[in-house]
Structures are given as C-alpha cells and as structure tokens.
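Not measured: the values here are computed from a predicted model. Residue numbering restarts at 1 for every chain, and letters A, B, ... go by the order of the sequence lines.
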Amino acid sequence: MTRTYRASAGIMLAPAVTLIGVFILLPMLLTVWLSFQDWSTQTPFANASFVGLDNFREIFGPTSVGRDFKGALVNTALYTALSVILILPLSVAFGLMVYQRDVAGGTALRTVLFSTYMVPMIAVALVWSKLYSPSEGPLNQMLGLVGIGPQPWLSSPRSALVSIVFLNVWQQVGYFTVLAIAGLTQIPGSLYEAAKLDGASRREQFRFITLPLLRRTLLFSAVIGIINAVQVFEPVALITQGGPVGSTNVLTYHIRRVGIERAQGGLGSAMAVMLMLALVVVVCALFALANRKDDE
Amino acid sequence: MSLTWISKLALAAALAVMPATGWAQSVTISYLTHWSPETVTLLEAAAKDFSKTNPDVAVTVRAVPFSDLLTTLRSQGGSSDGPTIGGIYDLWLPELARDKLVAPAPEAIAGEVKGAWPAGVVSAASVGGTLYGIPNEIDVYALNYNKALFKQAGIAAAPKTWDEFKDAAKKLTNKDAGQQGFGMINSWAAGVVHPFASLLVSNGGELVKDGKPVLDSPQAGETFQLYEDLIKSGASDPAMATADANTTGPFLDNFVSGKTGMIIMANWWESALKTGMGDKFADIATAPIPVGPSGDKPHSISYSWMTVVNANAGAAEQKAAWDFLAWLNSPKSGKNGASAMSDILMSMGILPSRSSDIEAHKDKLGSEFLSGYVSVLADARPFPVVPGGQEFSESLQQTLEALQYGQVSAKDAQKNAQADAVSILERAAK
C-alpha cells in the first residue's frame with residue numbers, strides 16, 4: 001500500500017521536479033561550476049579550464065576587477081536597503097489610506113497607485129531621465145519656484161543612486177500597497193472595536209493591532225522587495241550606464257558587462273554566485289528574525 | 001470562359017512569375033547597426049537597390065543603441081540565426097576574431113580592400129595580418145568651440161597651447177550663467193577616454209606602446225594634471241558632463257544650448273549638433289587639439305569602424321553578406337563615384353575611409369566644420385587596438401571620472417590608471 005502510494009506520488013511529482021531540475025537547478029549548478037573555471041562565454045563549455053578559487057580571489061582583490069565588483073556589491077546593497085526602507089512604510093501608509101472606508105476616492109487612489117506598476121520600465125526610464133535633466137528638467141524647475149537651487153540628480157555620484165531609488169519606489173509602491181491592503185483585510189474588525197471600547201487611540205490601534213498583525217505581510221513584502229531590488233537592471237542600462245564614477249553600477253549590470261560584453265564567463269559566474277549567496281543570507285536572516293519574533 | 005479555367009490560368013501565371021519574385025529571394029541576411037532611424041532608412045534604401053540586381057538576396061536592417069551593440073553581437077553572434085552583418089568598432093575586433101565570431105574576408109575582397117583603403121585603416125580591420133571586415137568610417141577628434149561665446153569672452157582665436165586652452169576655459173566660465181569653459185564627458189567610455197587620449201598624444205605621450213600601457217610617463221602625468229587644474233579652477237563642471245545610452249544627454253545639451261564653450265569631440269557628432277542647434281550651428285568651429293608643454297604639434301586620436309560577417313552564418317548567407325558589403329562599399333553603388341556607404345556616412349558628418357570616397361566627397365569634406373577634422377587626420381594616432389582594449393578603456397574611464405569628481409588627485413589617478421591597465425592587458429594577453 002505504502003509502496004503504491006509512493007510510486008504514484010513519484011509519478012505525479014516527476015514532471016514538476018524534472019522541469020525545476022532542468023530549468024532552475026541545472027543552470028544554478030552550471031553557474032557554480034563555471035565560477036571555478038577560466039571560460040570565455042563565446043566558447044563551448046569543453047574549453048573551460050579549472051582555476052580553483054582564482055575568480056573569487058580576483059573579484060575580491062585589489063585590481064580594477066575587484067574594485068568594480070566590490071563597488072557594484074555596495075551599490076546593490078545600498079539600492080536594495082534604500083528601496084525597501086522607503087517602499088515598506090509608504091505601502092503601509094498608502095494601504096491604510098486606501099483601506100479606510102471613510103476616505104473618499106479610495107478606489108481611484110488604489111487604481112492610480114497600481115497604474116505606475118503597469119507602466120513599462122522603458123517608458124519610466126525615458127520620462128524620469130528627462131525629469132531629472134539638470135538644466136531643463138521639470139524637477140529642478142519646480143525646486144527653483146520654491147527657492148531651491150538646481151540639483152545634479154543623475155549627474156553626481158552622490159545623488160545618482162538615490163535618484164534611481166526614487167524612480168524604483170515610484171514604480172513599485174503601488175504593487176506593495178496592494179499587498180498591504182491584502183494584509184489589512186485579514187485583520188478582524190472586532191479587534192479594533194474592542195480596542196476602541198478600551199479607549200485605545202488610533203495611533204495605539206495601529207501600533208498594537210495593525211502593525212503586529214501585518215508582520216507576515218510585511219515579511220513577504222520585504223522578501224519580494226529585496227529580490228526585486230537586487231535584480232535592478234533596466235534603469236541603469238537605459239539611463240546611467242552605471243555612471244558617473246560607477247556610482248550606479250549595480251551587480252546585474254556589472255555581471256552583464258563582464259560576462260557578456262567582455263566574455264569573461266568565469267569571472268561573471270563567480271560574481272553571480274556571490275550575488276546569489278548574499279541574497280540567500282539576507283533572506284534567511286530576515287526569516288530567522290521573523291521566526292524569533294513569532295516565538296517571543 | 002468558365003470560372004474553373006480562369007482559376008487554372010491564374011494559377012499558371014502565378015507559378016510562372018514566382019521564380020522571379022518570391023522563390024527568387026532565397027537568402028535573407030540581416031545587418032546590425034547602432035545608427036539612428038533616419039540613417040537606417042538610408043541603409044534600407046541602399047539594400048533595396050542591391051536587391052534590384054540581386055533578387056535572390058533580401059537584406060533586413062536592425063538597429064540597437066550603441067551601448068547594446070557589442071552585447072547583441074556577443075549574445076547573438078554565436079548563432080547562425082544571429083545578425084549576418086554587424087557594424088563594429090575596431091577596438092572590439094581582436095576579441096571577436098579570437099572568439100571566432102567574425103569571418104575572415106574572402107581573398108578577392110581582402111585584395112580589393114588592401115588596394116582601395118589607406119594601410120592604417122586596413123591594419124585596424126585586420127588581426128594577425130588577416131582582414132576581417134570592410135572598413136567604412138574613420139573618426140578623429142578635434143577641438144569644437146562656440147565662436148559666439150569666444151567673442152563674448154573677448155577671445156580672438158582658438159587656443160593652440162595648453163596655457164592658452166586653460167586661459168580660454170577660464171574666460172569662458174560664468175558660474176552665475178551656468179556656463180563652463182571646457183566640457184568633459186562622463187558615463188560613456190569612449191567619450192571620456194578619447195578626448196583625454198587626444199590631449200595626451202598632443203603632449204607627446206601615448207596610452208600603449210608595444211602592447212604595454214605607458215600611462216606612467218611624465219607626459220601622461222601632465223595630462224592628468226591638466227584635468228585636475230580644469231576641474232579645480234571650476235572651468236569644467238562634471239555635473240554638466242553626463243552622457244546617456246545613446247551617447248547624447250546633458251553633455252550634448254549643454255554644448256548645443258551655449259552653456260559649454262569648448263569640447264573635444266569626434267566628427268560624427270556633426271549631425272547631433274545640427275539637429276540640436278539649427279541655425280546656431282554656424283557658431284561652431286573646429287580647431288586642432290591644443291599642444292601640451294611636452295608635445296611637438298597637434299595630434300589627435302582616431303578610430304575606425306568596419307562591417308564584419310558572422311562566422312557562424314550559413315555559407316550562402318556569408319557569401320550574400322560579402323557580396324552586399326562589397327557592393328555597398330564600391331564606387332558603383334553611390335552618387336558621382338562615391339560608395340553608397342560613404343553617402344550614408346556623410347549624411348551624418350562621418351568621414352569615409354575609402355580613398356576614392358574621400359575624393360568623391362571632396363566638396364562636402366571642405367565644409368567649415370569637417371575641414372577641421374580632415375586637416376588633423378594626417379597627424380592622428382590610432383587608438384590602440386589590443387586584446388582587452390575595451391576593458392582597458394572602461395577602467396581608464398572610471399579613473400578619469402573619479403578625477404573629474406575630485407575623488408582622487410591627478411597623481412593617484414595616474415598611478416591607478418597605470419596599475420589597472422597593466423593588470424588588464426596582461427590578463428587579456430594570456
């Protein structure tokens with residue numbers, strides 16, 4: 001009986017496991033294998049030669065390869081942290097605004113918020129590159145009206161990455177607002193009624209009911225936000241090309257430059273492996289933190 | 001006549017015509033370029049002309065932004081379905097040839113190219129003595145300056161030496177009006193490196209000598225120092241220097257709107273200037289690169305472009321591609337003894353490299369803007385075409401941008417640039 005059950009379970013799982021194995025696990029294993037090889041992406045895998053940890057030594061070394069990789073890693077971490085730090089509170093704030101039934105125009109606001117997520121990145125990049133234009137850009141013109149001088153936005157290594165973060169926040173916040181609203185709908189209304197009877201203010205209701213019960217939603221949003229942010233590519237490729245002075249050179253763009261443009265497949269794979277490891281560590285740490293809070 | 005008979009006759013007529021039309025176009029080749037839509041239209045018109053005499057060949061044209069050109073060639077060129085023809089920058093050739101992505105030119109075409117193009121241009125299209133592409137354009141750098149701004153600042157003539165250059169840049173700078181004297185470029189490797197290299201060779205220096213980087217020379221040190229001086233004096237503002245993926249952006253906007261007095265740029269941006277400036281294009285003049293304290297006379301950097309054929313394309317496609325390129329670059333395909341390719345290039349203000357094309361376009365090359373470029377061509381130094389050249393160029397770009405933004409001193413920039421270049425070129429040469 002158990003054997004029959006196992007056989008049928010195996011048969012039913014086989015298609016999904018095969019697809020995952022071929023299209024997800026195999027490329028990942030191949031990338032890990034290539035990270036230990038010296039290999040040009042234009043040549044067959046048979047031409048790869050084993051170099052041990054040389055690629056990893058190189059990307060963490062003092063030469064331009066190492067400097068560029070470490071710079072891209074830091075840029076990616078900053079971009080991710082800033083994006084998540086801005087998107088999560090904003091999505092909760094917008095979610096609360098839209099979810100309140102006594103706020104007029106809630107549905108319209110929800111539609112407007114989500115619409116930014118549906119605009120293709122190419123259009124967003126074109127528009128924002130013009131908005132940020134230092135001489136003719138509307139943003140600087142508007143700042144000028146309130147007496148603030150022109151800002152360099154994308155033209156300065158100090159502000160270019162933050163400018164790209166703003167663009168990302170603008171585009172993604174609607175999607176995360178929808179997630180926050182979904183989380184808010186799961187909170188029983190009776191809790192708020194009980195809190196009101198006990199004399200809790202709105203701030204206290206938010207702090208002791210909404211926020212704790214939104215924790216699972218926020219954890220999911222944070223994980224998705226991190227994964228989305230780490231994969232940033234289009235605005236960098238379309239607007240800044242990683243500049244100025246490499247200040248917007250994020251890892252996905254850098255790996256594309258090294259692995260495809262320069263055909264340095266081994267180095268590019270080592271960078272991709274490090275990106276994957278960093279992502280795994282961050283997401284695991286986030287889950288561990290959330291689980292600890294649950295235990296408390 | 002019954003309907004059945006009419007149908008039969010129509011079918012017979014269609015079958016009789018088909019070999020000359022639909023069936024005849026048995027080979028389709030694709031041409032990958034980074035040109036603008038207007039220029040692509042000209043190339044498509046030339047391809048149609050070619051198909052008139054070669055009905056068995058259909059040519060399609062595909063354009064991508066400059067920043068995606070190499071990536072597209074690398075990611076799709078390894079397949080027989082990738083672009084059959086690609087327009088490439090000479091710096092990319094050694095590695096594309098090493099990775100067997102581009103096919104050597106057939107003997108007959110190689111022979112013709114060697115006879116019809118200057119030797120230096122042929123050598124830039126060759127690796128190890130084997131010709132891989134048909135050269136088409138040559139680009140050279142010169143000083144572009146705004147005559148109206150010069151007049152306002154009381155400057156009588158274009159600067160000839162670095163001292164005059166620094167002085168003019170200072171006089172042209174007006175921070176209150178958001179005006180800079182000399183415009184540098186950032187966020188675009190060639191845009192950053194080529195003007196620096198032009199100043200370096202005009203100061204008697206070189207980027208690479210005998211395959212080894214020589215950025216540690218005193219001449220290079222003086223060139224890094226010139227950049228630092230221009231930045232520190234405020235005569236050049238890096239915030240006005242950004243380029244975008246299409247090699248336009250604020251650096252171009254600032255020059256066309258009269259907020260930048262001088263810039264070192266190549267001839268091909270004539271069309272961008274004309275589009276951006278309209279009638280005010282008449283204010284722009286060209287002059288040789290100012291000579292540094294260690295230089296003998298003005299030099300500048302030149303580089304060339306060529307069309308190559310996908311080595312992984314089928315034999316019929318490769319043959320059709322070489323036939324098309326031979327025709328496109330021959331004096332028979334254009335007007336008045338010029339090639340169709342040179343007519344396309346001249347529409348953008350780009351200098352053709354075939355000797356007969358230069359002769360055929362003599363009048364237009366004598367225009368006020370282009371003649372300044374033609375005059376410096378003889379003393380131009382080709383940008384070093386070495387394995388790892390693109391990575392070297394991108395690394396030097398990073399160092400120069402760090403210098404522009406005051407993140408490193410001129411001395412540290414020189415030290416870093418040399419150390420990085422040594423490591424990159426040594427690794428690429430393995």
Evaluate A/R256 against A/E261 for salt bridge (Lys or Arg N to Asp or Glu O under 4.0 Å), listing each step before the verdict. CA-CA 7 Å; A/R256 175 251 204 186; A/E261 259 187 41; 3.4 Å; yes
Scan A/T240, A/L167, A/N168, A/V165 and name whichever one has a side chain to side chain contact (heavy atoms under 4.5 Å, CB included) with A/P235.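 Result: among A/T240, A/L167, A/N168, A/V165, A/L167 is the only option passing the side chain to side chain contact (heavy atoms under 4.5 Å, CB included) with A/P235.
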With only heavy atoms counted, which part of [X] is less than 4.5 Å from chain A, the side chain, the backbone, both or neither?
X	value
B/Q407	side chain
B/E394	side chain
B/P250	side chain
B/A419	neither
B/I424	side chain
B/S395	side chain

Counting heavy-atom pairs under 4.5 Å to chain A, which of B/Y405, B/W92, B/W188 comes out on top?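 Going by pairs under 4.5 Å, I would pick B/Y405.
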Which residue out of B/D253, B/D99, B/T72 racks up the most heavy-atom pairs below 4.5 Å with chain A?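 Most heavy-atom pairs under 4.5 Å with chain A: B/D99.
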Is there a ring-ring contact (aromatic ring centres under 6.0 Å, His included) between A/F56 and A/F36 once you walk through the steps? CA-CA 8 Å; A/F56 292 94; A/F36 297 105; 5.5 Å; yes
Does the side chain of [X] pick up a donor-acceptor pair with the side chain of [Y] at under 3.5 Å?
X	Y	answer
A/Q264	A/R257	no
B/Q180	B/N254	no
A/T31	A/S269	no

Residues A/Y117, A/F114; criterion ring-ring contact (aromatic ring centres under 6.0 Å, His included); working and verdict: CA-CA 5 Å; A/Y117 189 66; A/F114 195 69; 5.8 Å; yes
With respect to chain B, which residue among A/V245, A/V258, A/D68, A/D38 yields the maximal number of heavy-atom pairs within a distance under 4.5 Å?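 That would be A/V245.
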In terms of heavy-atom pairs under 4.5 Å, which option from A/P244, A/G246, A/S133 contacts chain B the most?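 Answer, by heavy-atom pair count under 4.5 Å with chain B: A/P244.
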Contact class of [X] relative to chain B, heavy atoms under 4.5 angstrom:
X	value
A/R158	neither
A/V65	side chain
A/E58	side chain

Tell me, with the steps shown, if A/F50 and A/W39 meet ring-ring contact (aromatic ring centres under 6.0 Å, His included). CA-CA 9 Å; A/F50 183 72; A/W39 174 66; over 10 Å; no
Stepwise salt bridge (Lys or Arg N to Asp or Glu O under 4.0 Å) check, B/D283 with B/K280: CA-CA 6 Å; B/D283 288 339; B/K280 287 195 170 175; 5.9 Å; no
